[in-house]
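In what follows, a single structure is set out as structure tokens and then discussed.
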Amino acid sequence: MENQKRVKSAAESYGAENVVVILGAAEGEAAGIAAETVTNGDPTFAGPLAGVPLGLRVYHCMEEEFKSQVDATVYEEQISMMEMVVNLDEIMSEMKSVREQFCKFKD
């Protein structure tokens with residue numbers, strides 16, 4: 001709930017078109033729910049983003065769009081090992097689906 005509050009505040013303060021959310025969920029379903037929350041509103045209707053479709057850009061930290069923007073050494077040290085233990089295809093599919101359905105801002 002606190003993260004939803006922070007995301008909503010950032011979108012209000014800086015403009016939704018200027019906010020990008022980076023997720024790190026280890027499962028596709030969890031990543032999809034979090035991505036849907038910051039784009040289309042909280043699907044559980046429990047948090048500050050219930051009924052609030054911000055349409056934010058959202059990426060997973062293992063997606064190339066993010067990966068290509070960070071220092072390769074830092075990525076290697078902090079994230080790359082997780083690539084071996086998660087289902088990347090599932091995560092990427094979830095993220096792409098949510099962006100296609102709900103993201104208001106295109107890169």
Side-chain angles (χ1 to χ4, degrees):
M1 299 304 157
E2 187 62 32
N3 287 338
Q4 286 188 34
K5 185 177 172 183
R6 289 181 184 142
V7 169
K8 184 177 181 186
S9 176
E12 291 169 350
S13 296
Y14 303 108
E17 70 278 7
N18 297 312
V19 176
V20 176
V21 177
I22 306 299
L23 303 175
E27 296 178 356
E29 185 176 358
I33 290 170
E36 183 177 345
T37 298
V38 300
T39 55
N40 195 45
D42 186 346
T44 67
F45 293 97
L49 292 178
V52 181
L54 296 175
L56 301 178
R57 288 179 192 90
V58 61
Y59 296 94
H60 193 277
C61 65
M62 293 180 204
E63 286 187 282
E64 189 58 37
E65 293 88 343
F66 173 77
K67 192 175 176 178
S68 68
Q69 300 297 312
V70 299
D71 181 276
T73 303
V74 173
Y75 187 89
E76 182 67 29
E77 291 173 359
Q78 301 296 321
I79 300 173
S80 67
M81 190 159 70
M82 288 302 296
E83 290 182 356
M84 295 183 284
V85 297
V86 301
N87 185 333
L88 281 175
D89 291 337
E90 181 182 286
I91 291 170
M92 303 310 151
S93 176
E94 286 283 337
M95 299 303 294
K96 181 180 178 186
S97 175
V98 168
R99 280 194 299 271
E100 288 174 350
Q101 290 178 69
F102 306 119
C103 185
K104 293 178 187 174
F105 309 102
K106 304 301 176 194
D107 293 322

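Any value given below was found using the heavy atoms of this structure, including those in side chains, with hydrogens, waters and symmetry copies removed. Keep in mind it's a predicted model, so treat the numbers as computed, not measured.
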Practice task
Taking atom CD of E17 as the centre, report whether more than 12 heavy atoms of other residues, nucleotides or ligands fall under 6.0 Å from it.
Solution key: yes

Handout entry: For the student: nearest non-hydrogen atoms of V19 and Y14, plus distance
Key = CG2-CB, 4.4 Å

Exercise for the section: Answer yes if F45 and V52 sit in the same cluster of Ile, Leu, Val, Met, Phe, Trp and Tyr residues linked by side chain heavy atoms under 4.5 Å apart, and no otherwise. Expected result: no

Problem - ILVMFWY cluster, L56 and V98 together (side-chain gap under 4.5 Å) - result: no

Handout entry: Euclidean distance, K96 NZ relative to S93 OG, rounded to 0.5 Å
Key = 8.0 Å

Exercise for the section: Check the pair E65, R57 against salt bridge (charged side-chain N to carboxylate O under 4.0 Å, His left out), reporting the backbone distance first and the verdict last. Expected result: CA-CA 11 Å; E65 293 88 343; R57 288 179 192 90; over 6 Å; no

Fill in the blank from the handout: Rounding to 0.5 Å, atoms CD (E64) and CE (M92) come to a distance of 9.5 Å

Practice task
Can you measure from CG (D71) to CD (E76) and round to the nearest 0.5 angstrom?
Solution key: 11.0 Å

Handout entry: Shortest non-hydrogen contact from E27 toward I91
Key = C-CG1, 3.9 Å

Completion exercise
Correct closest heavy-atom pair for V86 and M62 would be CG2-SD, 3.7 Å

Problem - Gap between atom OG of S68 and atom CD of E63 - 0.5 Å precision - result: 10.5 Å

Practice task
Following the transitive rule for hydrophobic clusters with a side-chain heavy-atom cut-off under 4.5 Å over Ile, Leu, Val, Met, Phe, Trp and Tyr, establish whether F102 and V38 coincide in one cluster.
Solution key: no

Problem - Taking every non-hydrogen atom, the tightest pair across L23 and A31 - result: CD1-O, 3.6 Å

Fill in the blank from the handout: Rounded to the nearest 0.5 Å, the CD atom of Q4 sits from the CG atom of D42 at a distance of 4.0 Å

Completion exercise
Heavy atoms of G24 and C61 approach each other most closely as CA-SG, 3.9 Å

Problem - Salt bridge present between E83 and K67 (N-O < 4.0 angstrom) - result: yes

Problem - T37 side-chain N/O to I33 backbone N/O, donor-acceptor pair under 3.5 Å - result: yes

Fill in the blank from the handout: In this structure, CZ of R99 is separated from CZ of F105 (nearest 0.5 Å) by 15.0 Å

Practice task
State whether a side-chain donor-acceptor pair under 3.5 Å links N40 with Q101.
Solution key: no

Handout entry: Shared hydrophobic cluster for L49 and M1 (ILVMFWY, side-chain gaps under 4.5 Å)
Key = no

